[in-house]
Protein chains: 2
Amino acid sequence: MFSKTCKYAINAMIYVASLPIGNERASLKDISKAINSPEAFTAKILQALVRDDLLISVKGPHGGFSINGKASEIYLAQIVDSIDGNLLFTGCALGLKKCAEEHPCAVHYKFKAIREHLTGMLHSTNLTDMADRVNNGISFLKY
Amino acid sequence: MFSKTCKYAINAMIYVASLPIGNERASLKDISKAINSPEAFTAKILQALVRDDLLISVKGPHGGFSINGKASEIYLAQIVDSIDGNLLFTGCALGLKKCAEEHPCAVHYKFKAIREHLTGMLHSTNLTDMADRVNNGISFLKY
DNA sequence: ATAATTAAGGATATTTTTGTCCTTAATTTA
DNA sequence: TAAATTAAGGACAAAAATATCCTTAATTAT
Ligand code: SF4
Ligand code: SF4
């Protein structure tokens with residue numbers, strides 16, 4: 001479904017979004033500890049998220065990463081798209097090079113609804129939704 | 001979603017299931033041509049499907065692969081499970097080691113419905129469904 | 001200014017996935 | 001029986017994904 005890189009990215013974004021007001025910045029070390037991910041690899045992912053304007057980074061003591069803009073306006077779909085690209089949204093379930101309604105793969109008639117369900121969900125779930133649940137102890141970023 | 005290996009496997013199974021009555025066997029060469037896949041790699045996949053009792057193979061002239069049993073009783077879910085394992089059905093969307101309803105990941109409340117939708121579809125779509133559409137020119141195994 | 005802290009980025013390493021090649025085994029046809 | 005055909009299987013290769021290490025750059029605190 002999602003690449004491992006993308007899963008780390010999603011959890012990292014949620015963690016940063018879950019930080020308390022007044023202390024909205026977390027270091028690489030904090031983040032990879034919070035989501036239980038390899039630190040150096042996570043660094044690369046965070047760099048990519050900064051490049052893609054989903055995070056803002058600050059160097060130096062008390063530096064770290066914070067959400068770029070409002071968490072309530074960042075949707076899962078943007079993170080997935082940033083890391084994994086749009087293949088999940090637009091690619092063929094069976095890997096056909098070209099997907100046209102007039103030349104559908106063998107699972108298209110069944111798969112279309114699921115893809116729409118999935119992309120609808122990703123486009124309607126924002127970071128605040130998920131961060132709130134983490135803060136309320138309803139959901140978790142690591143096991 | 002599915003590994004490339006799994007996509008090849010699905011298309012290959014559908015192709016074999018689409019063969020006309022009385023000639024229900026196809027060679028590796030036929031199959032990889034029909035689904036536009038690398039021959040040697042496809043050989044490995046077909047071997048695995050034979051090992052998993054989804055296909056039957058016969059060596060020698062006019063040998064090849066045929067569906068083991070009734071195509072109408074083989075569901076997409078079996079192929080996916082055989083090749084990719086059950087992680088798509090049971091694994092965590094965000095990669096948490098353990099998934100428990102009491103310790104859900106941050107997307108669980110949104111993801112659960114989609115996973116059920118997907119697994120429901122995979123468990124209710126059989127090879128005959130798809131092979132018929134291919135035979136009727138409604139769907140295609142390659143581009 | 002200096003030292004300490006933290007992210008950026010390049011190089012490299014490991015693992016997994018995808019893919020190829022070649023030899024052997026089984027079966028059929030001549 | 002011999003030759004041809006086709007799958008099985010082992011060894012290897014290439015590419016992609018995942019992961020680590022080290023140096024540099026920026027910022028802050030002393
Ligand atoms: S039609 Fe088939 S090929 Fe096109 S997107 Fe749907 S799943 Fe993919
Ligand atoms: S709860 Fe989260 S962790 Fe468990 S399965 Fe659902 S998605 Fe995965």
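Within a 6.0 Å radius of NE2 in B:His62, other residues, nucleotides and ligands contribute 12 heavy atoms or fewer.
A nucleotide of DNA chain C counts as in contact with chain B when one of its atoms lies under 4.0 Å from a heavy atom; the first and last such, 5' to 3', are C:dT18 to C:dT29.
Within the helix from C:dA1-D:dT30 to C:dA30-D:dT1, the inter-axis angle between the opening and closing five-pair segments is 0°, rounded to 10°.
Judged by the 6.0 Å distance and 45° axis criteria, A:Arg25 is not positioned over the aromatic ring of A:Phe65. The cationic atom of A:Arg115 (NZ for Lys, CZ for Arg) does not lie both less than 6.0 Å from the six-membered ring centre of A:Phe89 and within 45° of the ring axis.
Taken residue by residue, residues 19-40 of chain B places heavy atoms nearer than 4.0 Å to DNA chain C at B:Pro38, B:Ala40. A heavy atom lying under 4.0 Å from DNA chain C marks the following residues of residues 46-64 of chain B, by number: B:Lys59, B:Gly60, B:Pro61, B:His62.
Taking the six-membered ring where the residue is Trp, the centroids of B:His108 and A:Phe140 are separated by 6.0 Å or more.
DNA chain D is contacted by both A:Tyr8 and B:Phe65; B:Phe65 maps to the nucleotide lying nearer its 5′ end (nearest heavy atom per residue).
Between A:Ser3 and the phosphate of D:dA17, there is no side-chain N or O to OP1/OP2 separation shorter than 4.0 Å.
A salt bridge is absent between A:Lys44 and A:Glu39: the closest approach of a Lys/Arg side-chain nitrogen to an acidic carboxylate oxygen does not fall below 4.0 angstrom.
With hydrogens and angles left out, the side-chain atoms of B:Ser37 and B:Thr42 include a donor and acceptor closer than 3.5 Å.
If you run side-chain contact (heavy atoms from CB on, under 4.5 Å) between B:Met130 and each of B:Leu76, B:Leu141, B:Asn135, B:Ile138, only B:Leu76 comes through.
For the atom pair CD of B:Glu24 and CD1 of B:Ile21, the computed distance is 6.5 Å after rounding to the nearest 0.5 Å. With rounding to the nearest 0.5 Å, the separation of OH in B:Tyr8 from CD1 in B:Ile31 is 14.5 Å.
Checked by atom type and distance alone, the side chain of A:Lys142 pairs as donor or acceptor with a backbone atom of A:Lys33 at under 3.5 Å. A donor-acceptor pair is defined here as one N or O able to donate and one able to accept, closer than 3.5 Å; no such pair exists between the side chain of A:Ser82 and the backbone of A:Gln78.
B:Thr125 places none of its side-chain heavy atoms less than 4.5 Å from the side chain of A:Val107.
By the side-chain hydrogen bond (donor to acceptor under 3.5 Å, both in side chains) test, B:Asp84 pairs with B:Ser3, sequence neighbours left out.
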Below 3.5 Å between N/O atoms, which protein atoms pair up with nucleotides 10-16 of chain D? Just atom names and distances, please.
{"from": "D:dG10", "atom 1": "N7", "to": "B:Lys44", "atom 2": "NZ", "distance (Å)": "3.1"}
{"from": "D:dG10", "atom 1": "O6", "to": "B:Lys44", "atom 2": "NZ", "distance (Å)": "2.5"}

